[in-house]
Amino acid sequence: MKNNSFTVAVLGAGNIGSAVIERLLNVDNGVINLNLSKVLVSDLSKDRNLDSGLLTTDFNEILNDEKIDLVIEVLGGVDPGKDYIKALLENGKSVITANKDIIADCGSELIETAQENNVCLYFEAAVAAGIPVLKPLIESLRGEELTRVAGIINGTSNYILTSMEEGSTYEDALQQAQDLGYAEPDPTNDVEGIDAKFKAMILSLLCFGVSPSAEDVFTEGISNITKEDFDWAKRLNKTIKLVAQIDNSNDGFNARVYPVLVDNKHPLAAIRGALNAVLVEGENINQLVFSGPGAGSAPTASAIIGDVLSACHQMVTSQTNWYPLRTPKSGNKEFKDVQSSWFIRLSVKDEPGVLATIAGLFGENNVSIESVIQEGRGDNAELVLVTHEAEEDNLNSSIESISNLSSVSSVTSTIRVYI
Ligand code: HSE
């Protein structure tokens, strides 16, 4: 750093990397000057519309260059980015990353390494990309004891669910998401809730000081949701969203990702297409909702450039330390003990005593039924039930017993209701 001028390197020149480089070359905020000195790529021969003198395939050229103040990591995946970030921080360089996999995996360790070495580590783009939500959670809401964070934090799955709400089948909606470039050719991470799980792990760390492991976060995706589920949701004045929900009440901390029926009047129901939203609750703030574009190269680059400028401003004044992470307030609550309300569709024989037997099995498992709709389909009937809140364990036991009844042809859907 010299006279507010900073030397910057970028690891990766894919979609996000290219958008970041373009922004870096054009940043003019009147105070900070950014000079791009190196870009790490895997293939020098690829045409990149960049001065070839900037390109290198050797990470050590960046690590050992004393002129480089700050490095932007946009490689994707955990390896080798994780080792690179650690080495850079230990070598006195600030790091900005969009890499949710790495921060979910070892965020608190890397934050500690940054603090020990008096450098910055920021990752606003790792959760909900263009929505500036991490900084408010770390700084502006520092005085607030948060009780819940719930988010639609995967744009691809929200795009698919919105299309299904409008009448598409899951398969058609996924194809549209792929055609528009939201979903990868292998969409597993997005549609099975894995991407949202990593983001929920980061939110858990920043909002509650808890680092749950990937196994601790119950995760269910959207690939089993059908058009018929949406038809029923509509009849109940609800829609279906993939929600990451993190609760931290007196009886424990739990983070989970699953599709839920959301009341049409709830703010999360209004988040449509590829947009994201993060809803935050605390005693004094009641409820805040941050919403906007949560994916795509331009919003992601915007969050990265914001982090770069924050880090540079901090370096100018030698204030590179993070706020200390929050201290966990309560123990962990296992998912089996979480209270949920379930929407359940059953295909049953339409004959005397069936409804009473099913109601009896719920009762035996301490599950109370809130509402029932039955529709005849010849000799069979479709039975749609919504339960009151009950422990996950009890709900699962009820469904297991009910699915073994000879009068029940199938348990067609079980979807939780957002409470
Ligand atoms: N694939 C993610 C999404 C964006 O669809 O939201 C990157 O995290």
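By convention here, the first residue in the shown sequence is residue 1. Counting starts at 1 for both ligands and their atoms, in listed order.
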Please work out which of the three classes, parallel, tilted or perpendicular, describes the rings of Y84 and F59, given edges at 30° and 60°. parallel
Counting neighbours of CD on E61 that are heavy atoms of other residues, nucleotides or ligands and sit closer than 6.0 Å, is the number greater than 12? yes
Look at [atom] and say which protein heavy atom is nearest, naming residue and atom and giving the distance to 0.1 Å.
atom: atom 6 (O) of ligand 1; value: G155 N, 2.6 Å
atom: atom 4 (C) of ligand 1; value: A295 CB, 3.7 Å
atom: atom 1 (N) of ligand 1; value: D190 OD1, 2.9 Å
atom: atom 5 (O) of ligand 1; value: T156 OG1, 2.6 Å

Within 4.0 Å of some non-hydrogen atom of K100, the atoms of ligand 1 are 7 (C), 8 (O)
Taking all atoms of both residues into account, what is the closest heavy-atom pair of V289 and A277, and its distance? CG1-CB, 4.4 Å
R256/D247 under salt bridge (charged side-chain N to carboxylate O under 4.0 Å, His left out): CA gap, chis, key distance, verdict: CA-CA 9 Å; R256 50 204 183 268; D247 288 319; 2.6 Å; yes
Taking distance alone, with no angle check, do D195 and ligand 1 share an N/O pair under 3.5 Å? yes
Evaluate G294 for polar contact with ligand 1, using N/O atom pairs at a separation under 3.5 Å. no
Take T226 and D229 through the side chain to side chain donor-acceptor pair (under 3.5 Å) test and state the conclusion after the steps. CA-CA 5 Å; T226 62; D229 292 325; 3.1 Å; yes
For E184, which part has a heavy atom under 4.0 Å from ligand 1: side chain, backbone, both, or neither? neither
So does D65 pair up with K38, basic N to acidic O under 4.0 Å? no
Does at least one non-hydrogen atom of K199 fall below 4.0 angstrom from an atom of ligand 1? yes
Salt bridge (charged side-chain N to carboxylate O under 4.0 Å, His left out) for E228 and R345? Distances and angles first, verdict last. CA-CA 10 Å; E228 290 72 32; R345 285 172 58 210; 5.2 Å; no
